[in-house]
Amino acid sequence: MSAAAPLRIGIAGLGRLGRRHAETLAFRTRHCRLVAACSPVASELAWARDKLGITALHEDLDRFVRDAKLDAVVLVTPTSLHAAQAITALEAGKHVFVEKPLALDAAACEQIEAVAARHPQLVAMVGFVRRFDPSYVQAHAHLASGALGRPFLVRSQTCDQLDPSGFFVRFAPTSGGLFMDCSVHDIDLARWMLGNPRATRAFASGTIAVHEDLAPIGDIDNGLGIVEFEGGARAVFYASRTFAHGHEPSTEVIGTAGKLTVGVGAARDHVVVSDAHGVRQQSVGDFFERFSQAFEREMQAFVDACRGERQAPLTLHDATEATRIAQALTRSLQSGSPVTLV
Ligand SMILES: NC(=O)c1ccc[n+]([C@@H]2O[C@H](COP(=O)([O-])OP(=O)(O)OC[C@H]3O[C@@H](n4cnc5c(N)ncnc54)[C@H](O)[C@@H]3O)[C@@H](O)[C@H]2O)c1
């Protein structure tokens, strides 16, 4: 591709996150043009046409990825579709950005890796957005400098505000469950912060605190996981769908010479109001509010990688390992026993 030519991108999936990615690509990402959209839902395509001026609108993903006007596709579709769609896109010769998690099981992730290996000229990147958050980037650099000695323990949580709209319960069946959908972010962070050790054993437990509708599909709304890694490092994960006050992701990394924490509490800003009702702060409402800057950096990193300007800072293999660990935690939750990873 010539350095002057903008990358021509299409987006599939225009739901909760897809619309945000579409706006980011259309209005806030350099060296690309969002020229096509795909969704089975007519009103979503109408939104892309009316709000973003996109005229190449596809109901069918196979036709979408074969659109000759596209260099790259961004998949923001239900997780259960990621594996087949990512493979179809790569085989159609398109660079692919696929939202997390890469797929619901490690074997499917390995299939995607194998297809990507047959197309080394194409970029395939997974949306672990926290790797683009300035605070997490700074934390990783500090650990990598050795200033905190050898990191050996991670405690990380992803806690969403309670969603009374019913969206989350409708979304849950295709999500892979709480560990695959939520903790997979923390799992990826733990591997990154600990220097990518291999996981050897996982144990999980959980409960339904609010969303009884999850019981028939075997999911939970609050879960705890412990993962052991080769070499002695350990990680503890907590995920919740039911926080009353706001969205509260945080990560603590403990090393032999100190520790660091990213994100304490859910405060939106530095404003503290003290009045007759007490002392309080506004809280962050959702993941998009917390990571909006990271989502923009992530899309720019994908575009830059497709244009050959810099390498994507994470690999498909990272995403495979995150899925493998989330899958082991899910199996442990279901069986009640620790799961050994081979
Ligand atoms: N990185 C993050 O922090 C983060 C946050 C939220 C969601 N996600 C991921 O993004 C993905 C989408 O989540 P969401 O919350 O936007 O879900 P959603 O249900 O709101 O949106 C899914 C979209 O996919 C579309 N779709 C369904 N089948 C399709 C098909 N065959 N072809 C094309 N489009 C199809 C739907 O019409 C809808 O627009 C999931 O994999 C989820 O894990 C990531």
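Since we're looking at a predicted model, the values are computed, not measured. For ligands, and for the atoms within them, numbers begin at 1 and follow the listed sequence.
Near His82, with a cut-off below 4.0 Å to any heavy atom, the atoms of ligand 1 are 41 (O). Taking every non-hydrogen atom of Leu17 and a distance limit under 4.0 Å, the qualifying atoms of ligand 1 come out as 4 (C), 5 (C), 6 (C), 7 (C), 8 (N), 10 (O), 16 (O), 44 (C). Residue Asp181 approaches ligand 1 through these ligand atoms, each under 4.0 Å from one of its heavy atoms: 43 (O). If you number the atoms of ligand 1 from 1 as listed, the ones under 4.0 Å from a heavy atom of Val76 come out as 10 (O), 12 (C), 22 (C), 23 (C), 24 (O). Close contacts between ligand 1 and Gly127 involve ligand atoms 1 (N) [criterion: under 4.0 Å to a heavy atom].
The protein atom (non-hydrogen) at minimum distance from atom 25 (C) of ligand 1 is Gly13 CA, 3.8 Å. From the protein, the heavy atom lying nearest to atom 15 (O) of ligand 1 is Arg16 NE, 2.7 Å. What sits closest to atom 33 (C) of ligand 1 on the protein, heavy atoms only, is Thr77 CG2, 3.7 Å. Of all protein heavy atoms, the one closest to atom 24 (O) of ligand 1 is Pro78 CD, 3.3 Å. Residue, atom and distance of the protein heavy atom nearest to atom 21 (O) of ligand 1 are Gly15 CA, 3.4 Å. Of all protein heavy atoms, the one lying nearest to atom 37 (O) of ligand 1 is Glu44 OE1, 2.8 Å.
At least one test fails for Arg297 against the ring of Phe132: distance under 6.0 Å to the centre or angle within 45° of the axis.
If you look at Phe167 next to ligand 1, the close heavy atoms, those under 4.0 Å, all belong to the side chain. Under 4.0 Å from ligand 1, the heavy atoms of Phe295 that appear belong solely to its side chain. If you look at Glu99 next to ligand 1, the close heavy atoms, those under 4.0 Å, all belong to the side chain. Contacts of Val41 with ligand 1, taken as heavy-atom pairs under 4.0 Å, involve the side chain alone. Under 4.0 angstrom from ligand 1, the non-hydrogen atoms of Lys100 come from both its backbone and its side chain.
Considering both main-chain and side-chain atoms, Pro101 never comes within under 3.5 Å of ligand 1 through any nitrogen or oxygen pair. No N or O atom of Phe171 sits closer than 3.5 Å to an N or O atom of ligand 1. Ligand 1 has no nitrogen or oxygen under 3.5 angstrom from a nitrogen or oxygen of Pro40.
Taking a cutoff of 4.0 Å between a charged side-chain nitrogen and a carboxylate oxygen, Lys100 and Asp188 do not qualify as a salt bridge. Salt bridge Glu289/Arg268: present, at least one basic N to carboxylate O contact under 4.0 Å. Salt bridge annotation for Lys259-Glu252: present, with a cationic side-chain nitrogen under 4.0 angstrom from a carboxylate oxygen.
Checked by atom type, the side-chain pair Asp105/Thr323 shows no donor-acceptor distance below 3.5 Å. Side-chain contact annotation: Arg130 with Thr158, donor-acceptor N/O pair under 3.5 Å present. One side chain, Ser156 or Asp186, offers a donor N or O that lies under 3.5 Å from an acceptor on the other. With no hydrogens or angles considered, no side-chain donor-acceptor pair links Thr320 and Glu110 at under 3.5 Å. With no hydrogens or angles considered, a side-chain donor-acceptor pair links His247 and Asp160 at under 3.5 Å. Looking only at atom types and distance, the side chain of Ser240 has a donor-acceptor partner in the side chain of Asn222 under 3.5 Å away.
Atom 28 (N) of ligand 1 has its nearest heavy-atom neighbour, among Leu81, Asp62, Asp60, in Leu81.
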Under the salt bridge (Lys or Arg N to Asp or Glu O under 4.0 Å) rule, what do Asp67 and Lys94 come out as? Steps first, then yes or no, please. CA-CA 10 Å; Asp67 186 332; Lys94 302 296 193 282; over 6 Å; no

Given Phe291 and Phe287, is the ring-ring contact (aromatic ring centres under 6.0 Å, His included) satisfied, shown in steps? CA-CA 6 Å; Phe291 292 110; Phe287 65 88; 8.3 Å; no

Criterion side-chain contact (heavy atoms from CB on, under 4.5 Å) on Thr29 and Phe302, from CA distance to verdict: CA-CA 10 Å; Thr29 312; Phe302 175 62; over 6 Å; no

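Contact annotation: Gln85 has at least one heavy atom less than 4.0 Å from an atom of ligand 1. For His185, the closest heavy-atom approach to ligand 1 falls below 4.0 Å. Arg130 does not count as a contact of ligand 1, since none of its heavy atoms falls under 4.0 Å from the ligand.
Ring pair His21/Phe295 is perpendicular by interplanar angle, where above 60° counts as perpendicular and below 30° as parallel.
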